[in-house]
Novice: 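So that we are looking at the same thing, I have put the structure below in structure tokens.
All of these numbers come straight from a predicted model, not from anything done at the bench.
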Amino acid sequence: MNSPNPALVSQREAEPLPRLALLLFCAAYVLPGLFGRDPWKSADITAFGYIVDIAQGKTSWLTPTVGGLPADGALLPYWIGAAFVRLTTPWLDPAFAARLPFALLLALALTLTWYAAYHLARTDSAQPLPFAFGGEASPVDYARAVADGALLALIASLGLLQLGHETTPELAQLAAVSLYLYGLAVSPQRPWAGGIAAMLALPALAASGAPSIALVLATIGGLLSLRSGRPDARRLAACIGVGALLSIGAAAALGAWANRLGGYRDAAQVIGLARQFAWFAWPAWPLALWTIWQWRRRLLSEHLAMPLGCTAALLVVWVAMAGSDRALMLALPPLAVLAAFALPTLQRSAAAAIDWFSVFFFTIAAATGWVFYVSMQTGVPAQPGANIAKLSPGFENRFSLVALAFAIVGTLAWAWLVRWRTGRSRHPLWKSLVLPAGGVSLCWLLVMTLLLPPLDNARGYRSMTQRIAQRVPAGSCIAAPGMARAQIVALEYLGGWRVDAVTPAEATRCEVLMLPRTQKAAAPAWQFVSRERRNRNDDDVIDIYRRAPAVN
């Protein structure tokens, strides 16, 4: 008969990841993409537009607008970004200054996930079985090893890669979810600290545009705390209740309530949902399933019930929102913590499969990136560079010695990491997640150094606004009814034009009119000038009109 506790961990296996290596992992993941690029399509540049307009005093802090279009209720992230832009003006570029706090929020989410896993692994129910003759892992070392695994699982999650590096309210939501999970996790050892953390996380989540998610998590947390039977459980439940009330108040005050539920048209959409989850949450989801199976007799224990409850609640929200990737991103911290508890029971064959898949996949991906880079710089081989030019027409190919140096260092570090991991004397619990996390960090670093010029051109709006500037005089007033917020921000920030996105074409006083391709301006009041698209094969197309001269 199987023991209800499946974990058998020696002191050797509980060796923690060196702190310097852990910090380098986080730095290699968080810092690339922070420098040398424009805001990207479309949520990234949209959020930046509200941030920079608030910071420059062009719009109100309480009711911000872009081109006259109001923001949603996610005002807290906009305020944070605007404060950074205002404090660093004129020393830093506004786009870089706006990204700084969101990079800090990503780092905060990583840190809080580590501490949540650490405190959960310190609980009595999570401790591995003692050995008959001693030699089992000490509670502190075991908890550190599990926490290292949780952090690596979060870094390795493919879905966090792009969304986690954008300037969007979802980064604040991610940090708030991580803070809430930390509050639940630390509450058995530090009741007051855990209660306050959970209480603050919920209104922060609501003020960042996710009040419904805050209430769902509050319900789960309240039920788990009351069920635990601890003497301080009611105190935690009370703090969560206060946080829920504050969430309702914050959402009402900021106008954050909105219906974001989606529907399903056919079975293909459901299949697409499963496919999205399979790659988005890799490699955390198979490890989380292994945790559930191996610890199935202790699923109601605190170290499993807390991350499992939060993960299940957030996955339900994701399904209800018809597969929103930004909703799914919020489930990654508790899913990573849940995945970390698979490591004490992971079989050698499964660990080897993860290792070899990571080695082949990320080595091939890195080699492909280097081939494209060499082709862009030297023209040999010719086809990769031609493909880049086709996908990102008009980009300016720049050589940067600093970017090349970082790419070389990152590639050498990957080679060393592969050599270290394939050695025969590697026993730590977190060993199976080193290569997935290192591979993701390497690929992100290479993309943000070697391939940044074409990617920035393809994902940004600068080249489009430069072409528009050849036809629209600087400082012109542009009427843009029906255009996307991302396009409006690009016209205002990158082009420097005054944009009115709320007045209809027949009532505007602007001399220039811009419409999506699907709309047509009424003739003879407006004369067609040109059609501009962001990229060759992109659906981001704008038709430009000029007011027709009056007929005497």
Novice: Less than 4.0 angstrom from a charged side-chain N to a carboxylate O is my criterion; do Arg517 and Asp543 meet it?
Specialist: no
Novice: List the atom of Pro334, the atom of Cys310, and the distance in Å for their closest heavy-atom pair.
Specialist: CB-CB, 4.0 Å
Novice: Report the C-alpha separation of Tyr461 and Gln487 in whole Å, then their side-chain angles, then the decisive distance to 0.1 Å, and conclude whether the side chain to side chain contact (heavy atoms under 4.5 Å, CB included) test is met.
Specialist: CA-CA 8 Å; Tyr461 283 88; Gln487 298 168 335; 4.1 Å; yes
Novice: Can you tell me how far CZ of Phe406 sits from CZ of Phe35, rounded to the nearest 0.5 angstrom?
Specialist: 8.5 Å
Novice: Tyr373 versus Thr449: any side-chain heavy-atom pair under 4.5 Å?
Specialist: no
Novice: In Å and rounded to the nearest 0.5 Å, what is the CG to CG distance from Leu335 to Leu181?
Specialist: 11.0 Å
Novice: I'd like to know if Glu166 pairs up with Arg326 as an ion pair, taking the criterion as any Lys NZ or Arg NE/NH1/NH2 lying under 4.0 Å from an Asp or Glu carboxylate oxygen.
Specialist: yes
Novice: Roughly how far apart are Leu105 CG and Ile80 CD1, rounded to 0.5 Å?
Specialist: 5.5 Å
Novice: Let me confirm one number: the OG-CZ distance from Ser530 to Arg471, rounded to the nearest 0.5 Å.
Specialist: 4.0 Å
Novice: Would you mind reporting whether Cys26 and Leu151 have side-chain heavy atoms less than 4.5 Å apart?
Specialist: yes
Novice: Is there a donor-acceptor pair closer than 3.5 Å between any side-chain N or O of Trp444 and the backbone N or O of Gln162?
Specialist: no
Novice: Which atoms form the tightest heavy-atom contact between Leu202 and Ala218, and what is the distance?
Specialist: CD1-CB, 3.7 Å
Novice: Taking CZ in Phe395 as the centre, count heavy atoms belonging to other residues, nucleotides or ligands within less than 6.0 Å. Is the count above 12?
Specialist: yes
Novice: With a 3.5 Å distance limit and no angle check, can you tell me whether Arg459 reaches the backbone of Ser42 through a side-chain donor-acceptor pair?
Specialist: no
Novice: Is there any salt bridge (Lys or Arg N to Asp or Glu O under 4.0 Å) pair reaching into residues 494-512, and which pairs are they, with sequence neighbours excluded?
Specialist: Glu511-Arg547
Novice: Looking only at heavy atoms, what is the nearest atom pair of Val371 and Pro381, with distance?
Specialist: CG1-CG, 4.2 Å
Novice: Would you name the heavy atoms of Leu450 and Met376 that are closest together and state the gap between them?
Specialist: O-CE, 3.6 Å
Novice: Any pair with a residue in residues 45-66 that passes salt bridge (Lys or Arg N to Asp or Glu O under 4.0 Å), sequence neighbours left out, goes on the list, sorted by first then second residue, please.
Specialist: none
Novice: Kindly indicate whether the side chain of Leu161, heavy atoms from C-beta on, has any atom under 4.5 Å from the side chain of Tyr29.
Specialist: yes
Novice: Using atom types as modelled and distance alone, determine if a side-chain donor or acceptor of Trp79 lies under 3.5 Å from a backbone N or O of Trp61.
Specialist: yes
Novice: Could you pull out the closest heavy-atom pair between Ala278 and Trp285, with the gap in Å?
Specialist: O-NE1, 2.9 Å
Novice: Under a 4.5 Å cut-off applied to non-hydrogen side-chain atoms, are Val337 and Thr311 in contact?
Specialist: no
Novice: Take a 6.0 Å sphere around CZ of Phe528 and say whether it holds more than 12 heavy atoms from other residues, nucleotides or ligands.
Specialist: yes
Novice: List the steps and the verdict of side chain to side chain donor-acceptor pair (under 3.5 Å) for Asn457 and Glu396.
Specialist: CA-CA 8 Å; Asn457 180 74; Glu396 180 184 353; over 6 Å; no
Novice: Just by distance, do the side chain of Arg37 and the backbone of Gly33 share a donor-acceptor pair under 3.5 Å?
Specialist: yes
Novice: Does a side-chain heavy-atom distance below 4.5 Å link Gln377 with Phe372?
Specialist: no
Novice: Let's go through Thr167 and Tyr78 carefully: what are the C-alpha distance in whole Å and the side-chain angles of both, what is the deciding distance for side chain to side chain contact (heavy atoms under 4.5 Å, CB included) to 0.1 Å, and is it a yes or a no?
Specialist: CA-CA 9 Å; Thr167 306; Tyr78 299 156; over 6 Å; no
Novice: For Gln466 and Gln470, does a side-chain donor sit closer than 3.5 Å to a side-chain acceptor?
Specialist: no
Novice: Report yes or no: does Ser476 contribute a side-chain atom to a donor-acceptor pair with the main-chain N or O of Ile478 at less than 3.5 Å?
Specialist: no
Novice: For Leu332 and Phe280, run side chain to side chain contact (heavy atoms under 4.5 Å, CB included): C-alpha distance rounded to whole Å, both residues' side-chain angles, the deciding distance at 0.1 Å, then the answer.
Specialist: CA-CA 9 Å; Leu332 293 179; Phe280 196 97; 3.9 Å; yes
Novice: Checking Ser441 side chain against Ala437 main chain: does a donor-acceptor pair fall under 3.5 Å?
Specialist: yes
Novice: Are side-chain heavy atoms of Ile213 and Leu314 found at a separation under 4.5 Å?
Specialist: yes
Novice: Do the ring planes of Phe48 and Tyr493 sit parallel (below 30°), tilted (30 to 60°) or perpendicular (above 60°)?
Specialist: perpendicular
Novice: Taking CZ in Phe25 as the centre, count heavy atoms belonging to other residues, nucleotides or ligands within less than 6.0 Å. Is the count above 12?
Specialist: yes
Novice: Could you tell me if Arg275 sits above the aromatic ring of Trp279, with its cationic atom closer than 6.0 Å to the ring centre and no more than 45 degrees from the axis?
Specialist: no
Novice: Supply the atom-to-atom distance Ile45 CD1 to Thr168 OG1, rounded to the nearest 0.5 angstrom.
Specialist: 13.5 Å
Novice: Applying the side-chain contact (heavy atoms from CB on, under 4.5 Å) test to Val66, which of Val489, Val499, Thr46 qualifies?
Specialist: Val489
Novice: Using side-chain heavy atoms (C-beta onward) and a distance below 4.5 Å, is Leu110 in contact with Val30?
Specialist: yes
Novice: Would you say the side-chain atoms of Thr59 pair up with the backbone N or O of Ile54, donor to acceptor, closer than 3.5 Å?
Specialist: no
Novice: So, taking the atom named CG in Leu205 and the one named CG in Leu76, what distance separates them when rounded to the nearest 0.5 Å?
Specialist: 10.5 Å
Novice: Show your working on side chain to side chain contact (heavy atoms under 4.5 Å, CB included) between Ile240 and Leu184 and close with a plain yes or no.
Specialist: CA-CA 10 Å; Ile240 292 175; Leu184 295 181; 3.9 Å; yes
Novice: Between the main-chain N or O of Cys510 and the side-chain N or O of Thr508, is there a donor-acceptor pair closer than 3.5 Å?
Specialist: yes
Novice: Would you mind telling me which of Val242, Ile248, Leu246, Leu245 makes a side-chain contact (heavy atoms from CB on, under 4.5 Å) with Pro203?
Specialist: Leu246
Novice: Compare every heavy atom of Ser375 with every heavy atom of Ala382, then report the nearest pair and how far apart it is.
Specialist: O-OG, 3.9 Å
Novice: For the pair Tyr180 (side chain) and Leu217 (backbone), establish whether a donor and an acceptor sit closer than 3.5 Å, ignoring hydrogens and angles.
Specialist: yes
Novice: Assess, by modelled atom type and distance only, whether the side chains of Asp325 and Trp318 contain a donor and an acceptor separated by less than 3.5 Å.
Specialist: no
Novice: With no hydrogens and no angle check, is any side-chain donor or acceptor of Arg467 less than 3.5 Å from a backbone partner on Arg533?
Specialist: yes
Novice: Is there side-chain contact between Leu174 and Met329, with at least one heavy-atom pair below 4.5 Å?
Specialist: yes
